[in-house]
Protein chains: 2
Amino acid sequence: MKIGELADLAGVTTKTVRYYESIGLIAEPERTQSGYRDYGVEVVERLRFVRDAQATGLTLAEISSVLELKDTGSTSCSHTVALLERHMTDLDEQILRLQQAREDLSALAGRAASLDPSSCTDPNRCQVITSSSA
Amino acid sequence: MKIGELADLAGVTTKTVRYYESIGLIAEPERTQSGYRDYGVEVVERLRFVRDAQATGLTLAEISSVLELKDTGSTSCSHTVALLERHMTDLDEQILRLQQAREDLSALAGRAASLDPSSCTDPNRCQVITSSSA
DNA sequence: CGGCACCTTCCAGCCGACAGGAAGATCACA
DNA sequence: TGTGATCTTCCTGTCGGCTGGAAGGTGCCG
């Protein structure tokens with residue numbers, strides 16, 4: 001299978017496939033006599049795996065480390081599990097920060113809505129966001 | 001006030017101050033006879049404003065547009081409010097996506113924990129994350 | 001007058017995950 | 001045989017928000 005077909009099956013672009021190869025995420029494939037990359041069907045699975053892992057927010061570097069374990073035939077999933085748990089912790093933190101920001105914004109918007117429009121005419125201050133709101 | 005003092009007061013680096021100037025976030029200041037940037041105290045407020053707005057997740061471009069309104073002495077906060085509301089919507093979406101990813105990861109971790117360790121010995125598959133889990 | 005901290009400009013690089021495009025080879029089909 | 005789609009490599013650019021460093025000028029203290 002050539003790179004275009006692979007890309008189509010996996011739902012990515014040929015650019016992406018070559019990029020993944022360049023960072024070691026997928027192995028260098030065989031080449032046809034004319035130099036074209038020649039892939040086996042299993043690479044489709046690997047690319048879909050990458051896509052799924054990415055969907056959970058893992059970076060390509062993290063996915064790479066998971067795949068490396070898989071490639072070396074590791075007899076334990078402990079590294080993978082540890083990675084997942086660490087990532088979950090990261091996500092929790094991120095969600096909290098966003099929720100906090102969301103609350104901050106909500107407070108600002110509420111203040112803005114309750115403001116007398118004429119109070120916005122001071123060219124030196126915006127009443128909606130001020131440094132004192134920190 | 002010279003750039004170093006300003007930076008200290010605002011809690012940023014001199015690099016950042018010059019960068020903000022380069023993207024038009026703060027105006028070009030007066031210069032001393034020797035060419036040093038010479039700031040008024042009000043710039044401290046402006047930088048703190050930027051910091052606060054950034055803390056809510058606004059990009060510098062967005063902050064720039066808010067400040068622009070402020071600079072032109074806009075008599076209405078409606079643009080600012082609209083910006084804030086749009087940003088809140090963005091945040092909501094982002095939070096949902098992260099929560100979804102968090103659930104996905106949780107499911108994966110749960111599966112991993114319940115797996116018979118020996119089932120991980122197949123060198124061709126990682127049971128924890130598979131493309132079929134999409 | 002020496003030395004050091006601070007200032008100036010400008011250019012380069014970093015992270016992540018690609019996308020765009022040039023220039024040339026090759027393949028498939030009519 | 002032509003032509004258009006696909007392939008190759010390689011280099012550059014994108015977004016956002018800075019950071020690092022080189023090379024040189026200035027300010028102040030003792």
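Chain naming here is simple, since letters A, B, ... match the order of the sequence lines and numbering starts at 1 in each.
- Comparing the local axis fitted to the first five base pairs of the helix from C/dC1-D/dG30 to C/dA30-D/dT1 with the one fitted to its last five gives a bend of 20°, rounded to 10°.
- For the segment residues 24-36 of chain A, the set of residues with a heavy atom within less than 4.0 Å of an atom of DNA chain C comprises A/Ser34, A/Tyr36, in numerical order.
- The backbone N or O of A/Glu30 lies less than 3.5 Å from no partner atom in the side chain of A/Asp38, so there is not a single donor-acceptor pair.
- Hydrophobic clustering (side-chain heavy atoms under 4.5 Å, transitive across Ile, Leu, Val, Met, Phe, Trp, Tyr) groups A/Val12 together with A/Leu67.
- When rounded to the nearest whole Å, the span between CZ of B/Arg18 and C1' of D/dT19 equals 12 Å.
- Atom NE2 in B/His87 sits 8.0 Å away from atom OG1 in B/Thr59 (nearest 0.5 Å).
- When each of B/Thr59 and A/Glu21 is assigned the nucleotide of DNA chain D bearing its nearest heavy atom, the one mapping closer to the 5' terminus is A/Glu21.
- The CG-P distance, from B/Leu58 to D/dG16, rounds to 13 Å in whole Å.
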CA sep, side-chain torsions, deciding dist, call: A/Val66, A/Phe49, side-chain contact (heavy atoms from CB on, under 4.5 Å): CA-CA 11 Å; A/Val66 174; A/Phe49 172 96; 3.8 Å; yes
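- Distance B/Leu47 CG to D/dG17 C1': 15 Å, rounded to the nearest Å.
- To the nearest angstrom, C1' of C/dT26 lies 15 Å from CG of A/Asp38.
- Here C/dT8 presents its P atom at 11 Å from CG of B/Leu6, a figure rounded to the nearest Å.
- Nearest heavy-atom pair across B/Ala27 and B/Glu21 is O-CG, 4.3 Å.
- With rounding to the nearest 0.5 angstrom, the CD atom of A/Glu85 is 9.5 Å from the OG atom of B/Ser106.
- Taking atom OH on A/Tyr19 and atom C1' on C/dC15, their separation rounds to 10 Å, with Å as the unit.
- For A/Arg46 (side chain) and A/Leu25 (main-chain N/O), a donor-acceptor pair under 3.5 Å exists by modelled atom type.
- With C/dC7, D/dG17, D/dG20 as the candidates, the nucleotide lying closest to the side chain of B/Lys15 is D/dG20.
- Residue B/Ile23 is out of contact with every strand shown, counting any heavy-atom pair closer than 4.0 Å.
- What separates CD1 of A/Ile3 from P of C/dA19 is a distance of 12 Å, to the nearest Å.
- A donor-acceptor pair is defined here as one N or O able to donate and one able to accept, closer than 3.5 Å; such a pair exists between the side chain of B/Arg48 and the backbone of B/Leu9.
- Between A/Arg37 and D/dC7, a side-chain N or O to OP1/OP2 separation shorter than 4.0 Å is absent.
- Comparing B/Lys2 and B/Thr13 by the nucleotide of DNA chain D whose heavy atom lies nearest to each, the residue mapping closer to the 5' end is B/Thr13.
- When the side-chain nitrogen and oxygen atoms of A/Thr14 are compared with OP1 and OP2 of D/dC7, none of them lie within a distance under 4.0 Å.
- Of all the heavy atoms in B/Ala7 and B/Val17, the pair that sits closest is CB-CG2, 4.2 Å.
- Rounded to a whole Å, the OH atom of A/Tyr20 is 13 Å from the C1' atom of C/dA19.
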